Amino acid sequence: MISCSGPIDIGIENADGLDDTEKIGVEINGDTNGLYITSTNPENPVLLFISGGPGVPEVWLNEAYSEKYPNRIANYFTVCYWDYYGEGLSYSSDINADDITIERLAYDAHAVAEYLKEKFNKKKIYLMAHSSGTNLGLYLAQTDPEDFCCYFGMGQDYLGHDSIRFYEEGYKFMKSSFEENNDSKGLKMLNKLVDIKEDGTFSMKNPESAGAKWEEVLLRAGCGTTREMRSDAKDIFFKQMGCECYTVTEKINFWRGKKLCSESPYRNFHPDPESPALIPVVFLSGYYDYTTPITLSRELFEKLEAPEKAFYTFHNSAHSPLWEENELCLKEMLNHVR
């Protein structure tokens, strides 16, 4: 039986850096789930947002990049940014990484959806997920038609970063981009990481340790979180640490949660592409997105069965069209609001 109560006093302070935002905790079977709920009109359709990472909540982007990438989603939806079990506001040193499973997160997602439906008097709500969070998002679209009426997958993951095809698709795109822009340094950085046999077979030289160096190449090519980001430290870590929507303790727990979730079984979960979605599915992909390669997102889209489905490409975006091309992204999303 699901027990979801809230809001409760768990020491969460007001989200000072975000306008029109309620920052609360709800209890699900004894464990706290942190929520940021933001809206300009509580009568708007309700949307549950699942961040990527895994374990990297994204509500802070609305504060840190409010001038560069203003996000007006709260004008059209009542958005609940959910910090799921183990991440962000929901982090606890008592949580074991082995307990962060797809089954646990799907269970909690249902409880949060029930809470939101009751709070805002809705029969169903909308669902949106980003990056690695799309693995949970698509799984819910395949298993929970009672809570959700449409799924928006932004930067839809397929196969994951441990797949050789993840690297191969990125290599092909970035090689072409570096050559077109006469970026010999970028090309050299890229070629240090890969091995191309005479027969054209692609492989990574050191796949176990390629992650950080590959991220550097993605950023240089404009294929990271946004087209303009060039440094995870400068553009993500320090930006997040400067936000007012978190207390000092919450900022520290943010990064503890990221590490915890990266060691969890959920990190390696990918939904079955042969399992049909039970609700309409909309994929939102940046043309320059090779953090979750758009080519693989498209491949998954073609395989997936759904009552309705749509694929939108944003030609001035990398991994985050909701922020990079906010007006156009919202326009396409609203095409699917009933």
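None of these values were measured; they are calculated from a predicted model.
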A.B. asks: So, using ring pair (Phe, Tyr, Trp, His ring centres under 6.0 Å) as the criterion, who are the partners of Tyr85 when residues are at least two apart?
C.D. replies: none
A.B. asks: For Trp255 and Gln240, which I'm curious about, is there any donor-acceptor pair between the side chains at under 3.5 Å?
C.D. replies: yes
A.B. asks: Counting C-beta onward and ignoring hydrogens, is there a side-chain heavy-atom pair between Phe120 and Thr78 closer than 4.5 Å?
C.D. replies: yes
A.B. asks: Check whether more than 12 heavy atoms from other residues, nucleotides or ligands sit under 6.0 Å from atom NZ of Lys117, and answer yes or no.
C.D. replies: yes
A.B. asks: His336 pairs by ring pair (Phe, Tyr, Trp, His ring centres under 6.0 Å) with which of Tyr151, Phe283, Phe77, Tyr312?
C.D. replies: Tyr312
A.B. asks: Quick check: closest heavy atoms across Leu284 and Met128, and the distance to 0.1 Å?
C.D. replies: CD1-CE, 3.9 Å
A.B. asks: Quiz question: by atom type and distance under 3.5 Å, do the side chains of Trp82 and Asp108 form a donor-acceptor pair?
C.D. replies: no
A.B. asks: Between Leu61 and Asn71, is there a side-chain heavy-atom distance shorter than 4.5 Å?
C.D. replies: no
A.B. asks: Going by atom types alone, do Asp199 and Thr201 pair a side-chain donor with an acceptor below 3.5 Å?
C.D. replies: yes
A.B. asks: Which atom names give the shortest non-hydrogen contact between Asp31 and Arg104, and what distance separates them?
C.D. replies: OD2-NH2, 2.7 Å
A.B. asks: Quick one: pull up CZ in Phe152 and CD in Glu332 and give me the separation to the nearest 0.5 Å.
C.D. replies: 10.5 Å
A.B. asks: Pair Glu263, Arg267 - check salt bridge (charged side-chain N to carboxylate O under 4.0 Å, His left out), show working.
C.D. replies: CA-CA 7 Å; Glu263 298 168 350; Arg267 180 201 178 281; over 6 Å; no
A.B. asks: Is there a donor-acceptor pair closer than 3.5 Å between any side-chain N or O of Glu58 and the backbone N or O of Ser51?
C.D. replies: no
A.B. asks: Using a strict threshold of under 4.0 Å (side-chain N to carboxylate O), is an ion pair present between Arg298 and Glu302?
C.D. replies: yes
A.B. asks: Check step by step if salt bridge (charged side-chain N to carboxylate O under 4.0 Å, His left out) holds for Arg165 and Glu169.
C.D. replies: CA-CA 6 Å; Arg165 293 203 51 216; Glu169 294 298 313; 3.7 Å; yes
A.B. asks: Within this structure, what is the CD1-CD1 distance for the pair Ile95 and Ile100, rounded to the nearest 0.5 Å?
C.D. replies: 6.0 Å
A.B. asks: Can the ring centroids of Tyr84 and Tyr91 be said to lie less than 6.0 angstrom from one another?
C.D. replies: no
A.B. asks: Once the angle between the rings of Tyr287 and Phe173 is folded into 0 to 90°, is it parallel (under 30°), tilted (30 to 60°) or perpendicular (over 60°)?
C.D. replies: perpendicular
A.B. asks: Determine, step by step, whether Ser177 and Asn181 satisfy the side chain to side chain contact (heavy atoms under 4.5 Å, CB included) criterion, reporting the C-alpha distance in whole Å, the side-chain angles of both residues, the deciding distance to 0.1 Å, and the verdict.
C.D. replies: CA-CA 6 Å; Ser177 177; Asn181 293 299; 3.5 Å; yes
A.B. asks: Which ILVMFWY residues are connected to Leu278, directly or by a chain of links, through side-chain heavy atoms under 4.5 Å apart?
C.D. replies: none
A.B. asks: Would you sort out whether Ser131 and His319 count as a side chain to side chain contact (heavy atoms under 4.5 Å, CB included), showing the intermediate values?
C.D. replies: CA-CA 8 Å; Ser131 195; His319 193 43; 2.8 Å; yes
A.B. asks: Taking atom types as modelled, is there a side-chain donor on Asn253 or Glu250 under 3.5 Å from an acceptor on the other?
C.D. replies: no
A.B. asks: Go through it in stages, so that I can follow the logic: the residues are Ser203 and Asp195, the test is side chain to side chain contact (heavy atoms under 4.5 Å, CB included), and I'd like the CA-CA distance, side-chain angles, deciding distance and then a yes or no.
C.D. replies: CA-CA 5 Å; Ser203 64; Asp195 186 21; 3.5 Å; yes
A.B. asks: Asp157 and side-chain hydrogen bond (donor to acceptor under 3.5 Å, both in side chains): which single residue from Asn135, Thr134, Thr291, Thr292 fits?
C.D. replies: Asn135
A.B. asks: Let me know which of Phe49, Tyr36, Trp60 forms a ring pair (Phe, Tyr, Trp, His ring centres under 6.0 Å) with Tyr81.
C.D. replies: Phe49
A.B. asks: List in chain and number order the residues that pass ring pair (Phe, Tyr, Trp, His ring centres under 6.0 Å) with Phe202, two or more places apart in sequence or in another chain; answer none if no residue qualifies.
C.D. replies: Tyr171
A.B. asks: For Glu180 and Lys175: C-alpha separation, side-chain torsions, deciding distance, then whether salt bridge (charged side-chain N to carboxylate O under 4.0 Å, His left out) applies.
C.D. replies: CA-CA 9 Å; Glu180 183 179 336; Lys175 178 178 182 291; over 6 Å; no
A.B. asks: Taking NZ in Lys205 as the centre, count heavy atoms belonging to other residues, nucleotides or ligands within less than 6.0 Å. Is the count above 12?
C.D. replies: yes
A.B. asks: Taking side chain as C-beta onward, heavy atoms only, is Val194 less than 4.5 Å from Asn191?
C.D. replies: yes
A.B. asks: Walk me through whether Tyr139 and Asp144 qualify under side-chain hydrogen bond (donor to acceptor under 3.5 Å, both in side chains).
C.D. replies: CA-CA 8 Å; Tyr139 179 78; Asp144 191 358; over 6 Å; no
A.B. asks: Taking all atoms of both residues into account, what is the closest heavy-atom pair of Asn44 and Ala74, and its distance?
C.D. replies: ND2-O, 3.5 Å
A.B. asks: For a quick test of reading the model, state the closest non-hydrogen atom pair linking Thr101 to Pro265 and the distance between them.
C.D. replies: CG2-CG, 4.1 Å
A.B. asks: Identify whether NZ of Lys or CZ of Arg in Lys124 sits under 6.0 Å from the centre of the six-membered ring of Phe148 and within 45° of that ring's axis.
C.D. replies: no
A.B. asks: Take atom CG of Asn121 as the centre, draw a 6.0 Å sphere, and report whether it contains more than 12 heavy atoms from other residues, nucleotides or ligands.
C.D. replies: no
A.B. asks: Under 3.5 Å, sequence neighbours excluded: what are the donor-acceptor pairs made by side chains of residues 215-226?
C.D. replies:
from	atom 1	to	atom 2	distance (Å)
Arg220	NE	Asp183	OD1	3.4
Arg220	NE	Asp183	OD2	3.0
Arg220	NH2	Asp183	OD1	3.2
Thr226	OG1	Tyr69	OH	3.3
Thr226	OG1	Glu228	N	3.4
Thr226	OG1	Met229	N	3.2

A.B. asks: Which residues pass the ring pair (Phe, Tyr, Trp, His ring centres under 6.0 Å) test with Tyr167, sequence neighbours left out?
C.D. replies: Trp214
A.B. asks: Judged by modelled atom types alone, do Tyr158 and Lys303 share a side-chain donor-acceptor pair under 3.5 Å?
C.D. replies: yes
A.B. asks: Just wondering, more than 12 heavy atoms not from Arg230 lying within 6.0 Å of its CZ?
C.D. replies: yes
A.B. asks: If you measure only the distance, is there a donor-acceptor pair under 3.5 Å linking the side chains of Glu27 and Thr32?
C.D. replies: no
A.B. asks: Considering non-hydrogen atoms only, spot the tightest contact between Pro321 and Cys329 and give its length.
C.D. replies: O-CB, 3.7 Å
A.B. asks: Using 4.0 Å as the upper bound for N to carboxylate O, is an ion pair formed by Glu43 and Lys122?
C.D. replies: no
A.B. asks: Take Lys119 and Glu114 through the salt bridge (charged side-chain N to carboxylate O under 4.0 Å, His left out) test and state the conclusion after the steps.
C.D. replies: CA-CA 9 Å; Lys119 180 180 176 69; Glu114 289 291 324; over 6 Å; no
A.B. asks: Could you work out, with ring pair (Phe, Tyr, Trp, His ring centres under 6.0 Å) as the rule, every residue matching His270, not counting sequence neighbours?
C.D. replies: none
A.B. asks: If you take the centroid of each ring, where Trp contributes its six-membered ring, are Tyr246 and Phe254 closer together than 6.0 Å?
C.D. replies: yes
A.B. asks: Asn75 vs Leu330, test: side chain to side chain contact (heavy atoms under 4.5 Å, CB included). Steps then yes/no.
C.D. replies: CA-CA 10 Å; Asn75 291 347; Leu330 289 173; over 6 Å; no
A.B. asks: Which pair of heavy atoms, one from Pro45 and one from Val337, lies closest together, and at what distance?
C.D. replies: CG-CG1, 3.9 Å
A.B. asks: So for atom OH, which belongs to Tyr76, do other residues, nucleotides or ligands contribute more than 12 heavy atoms lying within a distance under 6.0 Å?
C.D. replies: no
A.B. asks: Side-chain contact test, heavy atoms from C-beta onward, threshold under 4.5 Å: evaluate it for Leu304 versus Gln142 and give yes or no.
C.D. replies: yes
